[in-house]
Number of protein chains: 2
Amino acid sequence: MVRALNFDEQEQRKKKVLQFLVHEYVRTGKPVASKSIAQSSRLGLSPASIRHVLFELERDEIVMHPHTSAGRVPTDKGYRMYVDSLIDLQRLAVQEETRIRSEYDRRIREIEDVLTHTSRILSSISHYTGFVMTPKFERNILSHLELIPIGERRVLVAMITESGLSKNFVINTQLNLSRERLYSIAKIMIASLKGLTLQEAQLKLVQSIESAEQEYREISSLAKEIGQEIRKFSDSELYMDGASNILSLPDFTNTTELHDLFRIMEEKQLLTNILTDEFSDAPANAEPKKQSKKKEHLPSTRAQATPHVHVRIGAEHPVKELQNLSLITTTYKLSDQTVGVLGILGPKRMEYSKMIALVDYISQMVNQFLEKHDSK
Amino acid sequence: MVRALNFDEQEQRKKKVLQFLVHEYVRTGKPVASKSIAQSSRLGLSPASIRHVLFELERDEIVMHPHTSAGRVPTDKGYRMYVDSLIDLQRLAVQEETRIRSEYDRRIREIEDVLTHTSRILSSISHYTGFVMTPKFERNILSHLELIPIGERRVLVAMITESGLSKNFVINTQLNLSRERLYSIAKIMIASLKGLTLQEAQLKLVQSIESAEQEYREISSLAKEIGQEIRKFSDSELYMDGASNILSLPDFTNTTELHDLFRIMEEKQLLTNILTDEFSDAPANAEPKKQSKKKEHLPSTRAQATPHVHVRIGAEHPVKELQNLSLITTTYKLSDQTVGVLGILGPKRMEYSKMIALVDYISQMVNQFLEKHDSK
DNA sequence: TTTTAGCACTCATATTAATTGAGTGCTAAA
DNA sequence: TTTAGCACTCAATTAATATGAGTGCTAAAA
């Protein structure tokens, strides 16, 4: 006769089974049988007992059956449970950390390179798709504005933000303005625009047209042109690398799935939108209220120990094309302000522990790098 | 008794058979049988006779057998023969021409947009991958140089080329230079650099360091920085669109092939090199000697009626990953100088006639567009 | 009450065999 | 030179069979 199990012990057992099952499935890619759990885990139970536990997990939709005579596979909900409370967070292998660190210390010199390199490193270590998104430029704060005549009726506009990014474009003007005149116009403009985000600046430029006084005709014409151009640059930039890694995954045999996937990678706009959502969910400066309001129907996306890393599993994100994938993201900062999102996109069946560690570590590196090169 | 065929008549018959075979194969994607050629072509011959002709074509490696009991399929050599002398060049459908033209007339406003839009149009009409490559920036001729102080020891360098492209970057300086000082330095620099290609300019900047006289210390330090930066921008830029179209092609079932292919698209550098080769083969200003020297082992790459469009079929290009694809390219010009390459990348089994027409037409559009917006 | 051994049942997967038919190559007659 | 006729080949399809991994259930053991 065996003493009765209390509720907690039952739950504990379920969790251990799930944990082992996820590990095993991630390792092998094949549905996991009761027998293999009984043998390899240290529960000291027979396959039949394990089957009983599995039955309950299946009833709760935490694992599933591909077909009658197959083992079990975790569902999205199962992965979620694993990530939320069963994962044993690990650090990256020392050699990997060293490798990454040396990339940032030695290879990357310029602030312009950090984005492309980061997505490359992410993809090369994860073997999935790595990406880095810069914030919408329009959220940046303007700090310099220069107008330089180049040739007939053409003016080069150079804008520099506080974070050190620069954007430039050429506009056509109606009048032929001298270098000196342009300089003083720029001075007037920057006086009223400095410290504004680009978005605000754009608004102001457009408004200034309407309230333009006679003497500022010239300025207003220029302002209009510049205001229009800013829109063009308002898109976020998305760097991606390793998209082809997805192709070699055994998880994707279905061709139409693949096609969907690549369409996404080409339509960067779509992924940008998705990431922008992650961005706005960033804990940094968001009031908790708004956040909980928006997300209340979604399960928690926080792993215990690394609160900054978001994990979205399969159908948890609403975009159809991503429902067989998992998205691991985090934000990065510049002088305490969140300025972008980075992460990886891979199959649901991935080593979450390692990938979370990777994304976390890389974001630290990026933060440090930006800190060091901050020009302010 | 039937009269003997002379040599010419035999050749003529071979060609007709090949032509029909290519059409049919491109249309259906299945190996073409002697019977279907006999029935549908207007040669009035029996399958047996056709088989005789096919036997000879096979001996010459113009067609091949996937296996004993299958019909024939053109080889690379067969496609080459078709493209060189059997193709009946057609124009695009009127509605397609109209659509394209209206894109260039209405949708594309800025010279910066023309490249992305062009690759998009190419891919959307061909259903393959469209691309546009800008020339190496370093070949461009410098026309303006501006140095603008932004913050402490940071200088924005703006370079404008004769073709109207602008490149900008920020450099760090040792000294704090005033706006006026920078302006006069820029004046000195541009005086000696104007009219040079960027490559030459870079060289000159580096040299000037060595010969630097005492009074020009400041300049030489700046020149060094600028010279180094120019290297970074010397890469050609490559715009690509529709890579995912390739996935939906029935021609690619093999996964490893696909993987290779996408690696190429990611490693833009590789494709850039390939296209740079096409670029340097451009007939525009190349002395015939050099060209024939380089290409003498390769078959002619000219279709009769559109001498500017290059066609590379399968193994004709040396890059392994492209050996199951065909590359159709042409160059585009600005004020009579070839400045870039554009085209499509698709399966060997494609409608060459239409694709050649497409690439040709698009390049005309681009030429016209650039002409119209030329600022010189 | 919990665990487990035992066994029947299911169903994906692999293997083998048999069939089909499209298309060829060859030959001999027209 | 052309073609009808025919044997032959071989990919592709279909069917039949076997295998076995893994489950669900039950009844006995702990």
Side-chain angles (χ1 to χ4, degrees), chain A residues 1-14 16-17 20-21 24-25 28-60 62-75 250 253-254, chain B residues 1-14 16-17 20-21 24-25 28-60 62-75 250 253-254:
Chain A
M1 178 101 173
V2 187
R3 77 176 176 79
L5 291 181
N6 64 31
F7 182 75
D8 262 11
E9 283 168 325
Q10 272 194 32
E11 284 303 300
Q12 213 52 40
R13 179 176 291 178
K14 276 190 193 176
K16 284 207 171 147
V17 168
F20 184 83
L21 187 141
E24 200 60 13
Y25 182 61
T28 66
K30 296 189 200 313
V32 184
S34 57
K35 198 171 139 194
S36 84
I37 298 179
Q39 280 175 354
S40 317
S41 75
R42 305 241 182 84
L43 290 168
L45 293 173
S46 75
S49 307
I50 299 292
R51 278 206 288 279
H52 187 63
V53 179
L54 287 173
F55 177 80
E56 293 183 352
L57 287 175
E58 187 164 5
R59 192 198 49 205
D60 299 342
I62 289 167
V63 299
M64 62 162 285
H65 250 171
H67 58 84
T68 354
S69 67
R72 301 312 207 285
V73 162
T75 62
T253 45
N254 187 339
Chain B
M1 180 102 175
V2 187
R3 76 177 177 78
L5 291 180
N6 64 31
F7 181 76
D8 262 12
E9 282 167 327
Q10 273 195 30
E11 284 304 300
Q12 212 52 39
R13 178 175 291 179
K14 277 189 191 175
K16 285 205 169 148
V17 169
F20 184 84
L21 188 142
E24 199 61 12
Y25 182 63
T28 65
K30 297 190 199 315
V32 184
S34 58
K35 198 171 139 194
S36 84
I37 298 179
Q39 279 175 355
S40 317
S41 75
R42 306 243 181 82
L43 289 167
L45 292 174
S46 74
S49 308
I50 298 292
R51 279 205 288 280
H52 187 63
V53 179
L54 286 174
F55 177 81
E56 293 184 349
L57 287 174
E58 188 164 5
R59 193 199 48 207
D60 298 343
I62 289 167
V63 299
M64 62 162 285
H65 250 172
H67 58 83
T68 353
S69 67
R72 298 321 205 280
V73 161
T75 62
T253 45
N254 187 340

Just to be sure I understand: a Watson-Crick pair is purine N1 to pyrimidine N3 plus N6-O4 or O6-N4, both under 3.5 Å. Using that and G-U wobbles, which stems of three or more pairs involve DNA chain C? C:1-30 with D:1-30
Side chain proximity check, A:R51 to A:F55, heavy atoms < 4.5 angstrom: no
Atom-to-atom span, NE2 of A:H67 to C1' of C:dC11 - whole angstrom: 7 Å
Which residue in the set B:I62, B:V63, B:L54 passes side-chain contact (heavy atoms from CB on, under 4.5 Å) when paired with B:V17? B:L54
Considering only heavy atoms from C-beta outward, does the side chain of B:I37 approach that of B:V32 to under 4.5 Å? yes
Does any non-hydrogen side-chain atom of A:K14 lie less than 4.5 Å from one of A:V53? yes
Counting the atoms with a prime plus P, OP1 and OP2 as sugar-phosphate, which does A:H65 contact under 4.0 Å by heavy atoms, base, sugar-phosphate, or nothing? sugar-phosphate
Indicate yes or no for a side-chain donor-acceptor contact from B:S36 to the backbone of B:A33 under 3.5 Å, with no hydrogens or angles considered. yes
Interatomic distance where CZ belongs to A:F55 and C1' belongs to C:dT4 [whole Å]: 18 Å
Between B:I50 and B:L43, is any pair of side-chain heavy atoms under 4.5 Å apart? yes
Can you tell me if A:S69 touches the phosphate of C:dC11, counting only side-chain N or O atoms and a distance under 4.0 Å to OP1 or OP2? no
Spacing of B:L43 atom CG relative to D:dT3 atom P, expressed in whole Å: 11 Å
Among the nucleotides C:dT24, D:dA11, C:dA5, whichever has the atom closest to the side chain of B:S34 is C:dT24
Among the candidates D:dT3, D:dT23, C:dC11, find the nucleotide nearest to the side-chain atoms of A:R51. D:dT23
Over how many whole Å does the gap from B:L57 atom CG to C:dT24 atom C1' extend? 15 Å
What is the distance, to the nearest angstrom, from the CD atom on B:E56 to the C1' atom on C:dT24? 16 Å
From the candidates D:dG24, C:dT4, D:dG22, the one with an atom nearest any side-chain atom of A:R72 is D:dG24
To the nearest angstrom, how far is B:I37 atom CD1 from D:dT3 atom C1'? 16 Å
Reading DNA chain D from 5' onward, which residue's closest nucleotide shows up sooner: B:P66 or B:H52? B:H52
So A:H65 and A:E58, do their side chains get closer than 4.5 Å, heavy atoms only? yes
Any side-chain N or O of A:T68 less than 4.0 Å from the OP1 or OP2 oxygen of C:dC9? no
Report all interatomic pairs (protein N or O, nucleotide N or O of nucleotides 27-30 of chain C) with separations under 3.5 Å.
none

With the side chain defined as heavy atoms from C-beta on, A:S49 is closest, among D:dG24, C:dT24, C:dT3, to C:dT3
In the structure I gave you, are the side-chain heavy atoms of B:K16 and B:R42 within less than 4.5 Å of one another anywhere? no
From CD1 of B:I50 over to P of C:dG23, roughly how many Å is that when rounded to an integer? 14 Å
A:L54 CG to D:dA21 C1', straight-line distance once rounded to whole Å: 15 Å
The side chain to side chain donor-acceptor pair (under 3.5 Å) partners of A:S49 (sequence neighbours excluded) come to A:S46
Restricting to non-hydrogen atoms, name the atom on B:P66 and the atom on B:G71 that form the minimum distance, rounded to 0.1 Å. CD-O, 3.3 Å
